[in-house]
> 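Here you go, one structure.
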Amino acid sequence: MEYLVTSAEMKRCDGNTIEHFGMPSMVLMERAALACAEELIARDKKLKEAMRPFGPVPPANRTLVAAGTGNNGGDGLAIGRLLSQAGFPVDFVLLGKEEKCSAETAAQLKILENYGYRVMRKLPEREYDIIIDSIFGIGLTRPVEGSFAEAVEYINAQDAYVLSVDIPSGIHGDTGEVMGCAVQADVTVTFGFRKLGLVLYPGARYAGKVLCADIGITQEGFLGEYPRIFTWNKEDRGFLPVRLQEGNKGTFGKVLLIAGSRGMAGACELSAAAVLKSGAGMVRAVTPESNRVIMQTALPEAMLTTYEKWTPQAEEKLREACAWANVIAVGPGFGKSPEALRILEAVLKQTMQPLIIDADALNLLSEHRELLDELIQRQQEPETRRELILTPHPGEFGRLAGKKTDEIQKEAAALTLEWAARLQAAFICKGARTLVGSPEGRLYMNLTGNSGMATAGSGDVLTGILAGLSAQGMHAFDAACAGVYLHGMAGDRAAHKKSEYGVTAGDLTLELEALFPELLKKLQ
Ligand SMILES: NC(=O)C1=CN([C@@H]2O[C@H](COP(=O)(O)OP(=O)(O)OC[C@H]3O[C@@H](n4cnc5c(N)ncnc54)[C@H](OP(=O)(O)O)[C@@H]3O)[C@@H](O)[C@H]2O)[C@@H](O)CC1
Ligand SMILES: Nc1ncnc2c1ncn2[C@@H]1O[C@H](COP(=O)(O)OP(=O)(O)O)[C@@H](O)[C@H]1O
Ligand SMILES: [K+]
């Protein structure tokens, strides 16, 4: 588990490390600088080794430090000093008024002066091989303009390898927004914790490769008041549902998947396949009779309950199917027909099993507010509350919340938590950085996945995975976090083989198979 921090959370942690634990801020700065310098020295060594067979090694890289007056600039000046002492030819330029320098940055200037370095006040007209971007870090408070914007353009126009210190200058630390203009980095070395602006788009694109350096700012610095958002990374793999050696297909759960409509068999098939590939024991699909042949041909492992018109017999068949299941998922390719509405109504009112609501089932809730209100009311009462997962993308979320899609995207974290609490549910807001909120206020941000997953049917696969994990006994929030994580990992495997252009939703279910052995091997 890893925290992703806002600028304010990071500043609080920095401040506590200095004030509460007594770590001098110049020590932190020196360690930050060393981490960046070491990265560049290692790169230089690798480049030279690669070039050695081809003749004399060229001289060291000409380097420019572009420093602002805040502590980010102080880091940059220290990096330049360390690189110069390691043999790099380094130029320094200070942007902004010297009298605005923070105490630490002023101290770094003094050290440079003592060693006899000259610090320019204007950007030089020459080309560099390496540029250290240390104009602004997490202290950026407003759009970048004037001479600062010129400096950003100057850096971007050069054919240099750019290392951004902590965060590319111009990127908002909390939102990843470009504040007017921003440096395009090749590598960003950040300190202590990854900032949200480095993982959210477009900031993630500007940051290049992100390295998180340990400079002695640790979780203790939060003094028990931890950041709001966490993620999982490669080290996390203990979240798979426990698999009983003696288990039978009942042990691993029975999923009732209500999906597909006339001409939309694919959503049902993709989702049902993902249920089975996630380890669930059985899946029964409730789908229109017209999908029978396709379903039985494509996925003979799935059982079927079909319907045509909504009759008392159809209602009875649905009731029986619901009684059979441990988990119900409703929505992929479901349509918004009168039959679909009656089925959703019956599921909401007559069942208590864990429920996953996706796609058109969410749209039906948006259009029939009385159903949504009743669901909210049931979830607020402990006696009628069930394990619940909702999986809207921002468009569906907007319809549910009565907001525009861009309003949802701007306030995604707060709104996700608000709706998780309202529905006492694991609330998944899907996107390039999917969020999962819990009713207690936990917020998971997913970092797996890629643009190849922005393809029809990929959400249907996620619903299948969520249902499969829930059927194996995982609670809603755990299943939701694990589900989006695995879904993205499957997408990453698929993109690795086919590129982001070639990924289809069917590839995601195929890659799930290969993913589990890999995760299990790492667990041993
Ligand atoms: N001590 C520590 O804890 C450690 C901190 N570390 C490093 O410190 C960095 C944070 O430092 P920081 O807080 O000094 O902020 P930073 O990003 O350098 O900039 C602030 C300056 O920019 C100015 N300014 C802002 N926006 C502007 C704009 N649009 N246009 C023009 N000016 C603008 C702002 O001016 P003001 O808003 O006051 O007018 C202020 O002068 C962090 O990212 C990391 O690299 C590491 O060394 C590890 C230990
Ligand atoms: N650029 C991206 N990076 C990572 N994941 C993405 C990206 N775009 C979409 N996804 C993921 O793909 C899935 C798309 O789901 P959804 O929008 O419901 O599609 P559909 O309705 O076609 O199945 C979501 O899980 C989403 O998080
Ligand atoms: K920077």
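Note that these values count all heavy atoms, side chains included, but never hydrogens, waters or copies made by symmetry. Note that the coordinates shown come from a computational prediction; the quantities given were computed from them, not determined experimentally. Remember, it's 1-based here, ligands and their atoms both numbered in the order they're listed.
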> Please list, chain by chain and in numerical order, all residues satisfying side chain to side chain contact (heavy atoms under 4.5 Å, CB included) with A267, sequence neighbours excluded.
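Once residues adjacent in sequence are excluded, the partners of A267 under the side chain to side chain contact (heavy atoms under 4.5 Å, CB included) criterion are P332, D460.
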
> Enumerate the atoms of ligand 2 whose separation from the nearest heavy atom of T455 is less than 4.0 angstrom.
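Near T455, the atoms of ligand 2 are 22 (O).
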
> Tell me, please: is R31 in heavy-atom contact with ligand 1, that is, under 4.0 Å?
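No.
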
> With backbone taken as N, CA, C and O and side chain as the heavy atoms from C-beta onward, which portion of N72 lies under 4.0 Å from ligand 1: side chain, backbone, both, or neither?
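Both the backbone and the side chain of N72 come within reach of ligand 1.
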
> Applying a heavy-atom cut-off of 4.0 Å, say which part of K11 lies close to ligand 1: side chain, backbone, both or neither.
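Looking at K11 and ligand 1, just side chain atoms fall under 4.0 Å.
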
> May I ask you to list the atoms of ligand 2 that are less than 4.0 angstrom from any heavy atom of D460?
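In order of number, 23 (O).
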
> Using a heavy-atom cut-off of under 4.0 Å, does the side chain or the backbone of S134 touch ligand 1, or both, or neither?
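Neither part.
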
> List every atom of ligand 2 that sits less than 4.0 Å from any heavy atom of S451, numbering the atoms from 1 in the order shown and giving each element.
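Result: 1 (N), 2 (C), 3 (N).
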
> Within less than 4.0 angstrom of ligand 1, does I18 place any heavy atom?
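The answer is yes: ligand 1 sits under 4.0 Å from a heavy atom of I18.
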
> Provide the number and element of each atom of ligand 1 under 4.0 Å from a heavy atom of T141.
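Counting atoms of ligand 1 from 1, those under 4.0 Å from T141 are 25 (C), 26 (N), 37 (O).
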
> Could you tell me if any non-hydrogen atom of I215 lies under 4.0 Å from any atom of ligand 1?
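The answer is yes, since I215 has a heavy atom less than 4.0 Å from ligand 1.
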
> Under 4.0 Å, heavy-atom basis, I'd like to know which part of M453 is in contact with ligand 2: side chain, backbone, both or neither.
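Within the 4.0 Å criterion, M453 contacts ligand 2 through backbone and side-chain atoms alike.
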
> Could you tally the protein N/O/S atoms lying less than 3.4 Å away from the K ion (ligand 3)?
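Protein N, O or S neighbours of the K ion (ligand 3) under 3.4 Å, waters not counted, come to 6.
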
> Mark the output for S102 as yes if a heavy-atom distance to ligand 1 is under 4.0 Å, and as no if none is.
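No, S102 has no heavy atoms under 4.0 Å from ligand 1.
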
> What I'd like to find out is whether the side chain of K97 reaches to under 4.5 Å of the side chain of T69, using heavy atoms alone.
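With C-beta onward as the side chain, the pair stays apart.
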
> With a heavy-atom distance limit of 4.0 Å, tell me whether E145 approaches ligand 1 through its side chain, its backbone, both, or neither.
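Under 4.0 Å from ligand 1, E145 contributes no heavy atoms.
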
> Check each heavy atom of V461 against ligand 2 and say whether those closer than 4.0 Å belong to the side chain, the backbone, both or neither.
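Under 4.0 Å from ligand 2, V461 contributes no heavy atoms.
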
> Which of the numbered atoms in ligand 2 are below 4.0 angstrom from a heavy atom of G449?
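What qualifies from ligand 2 is 4 (C).
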
> Can you run down the ring pair (Phe, Tyr, Trp, His ring centres under 6.0 Å) pairs that involve residues 137-167, sequence neighbours left out, and say none if there aren't any?
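Ring pair (Phe, Tyr, Trp, His ring centres under 6.0 Å) check on residues 137-167 returns F136-F148.
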
> Once you restrict to heavy atoms under 4.0 Å, what part of I138 touches ligand 1? Side chain, backbone, both or neither.
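Both of them.
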
> Using a 4.0 Å heavy-atom threshold (strictly under), name the region of T69 that reaches ligand 1: side chain, backbone, both or neither.
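For T69, only side-chain atoms sit under 4.0 Å from ligand 1.
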
> Is the contact between H487 and ligand 2 made by the side chain, the backbone, both, or neither, using heavy atoms and a 4.0 Å cut-off?
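Side chain only; the backbone of H487 stays clear of ligand 2.
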
> Please enumerate all residues that pass side-chain hydrogen bond (donor to acceptor under 3.5 Å, both in side chains) together with D75, with sequence neighbours excluded.
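Listed in chain order: nothing, the list is empty.
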
> Can you report which non-hydrogen protein atom sits closest to atom 18 (O) of ligand 2, along with the distance?
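Here the closest protein heavy atom is K430 NZ, 2.7 Å.
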
> Between E511 and K497 (salt bridge meaning N to carboxylate O under 4.0 Å), is one present in this structure?
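Looking at K497 together with E511, the answer is yes, because their closest N to O distance falls below 4.0 Å.
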
> Give the atoms of ligand 1, by number and element, whose distance to some non-hydrogen atom of D75 is under 4.0 Å.
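Heavy-atom distances to D75 below 4.0 Å select 6 (N), 7 (C), 44 (C), 45 (O), 46 (C), 47 (O).
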
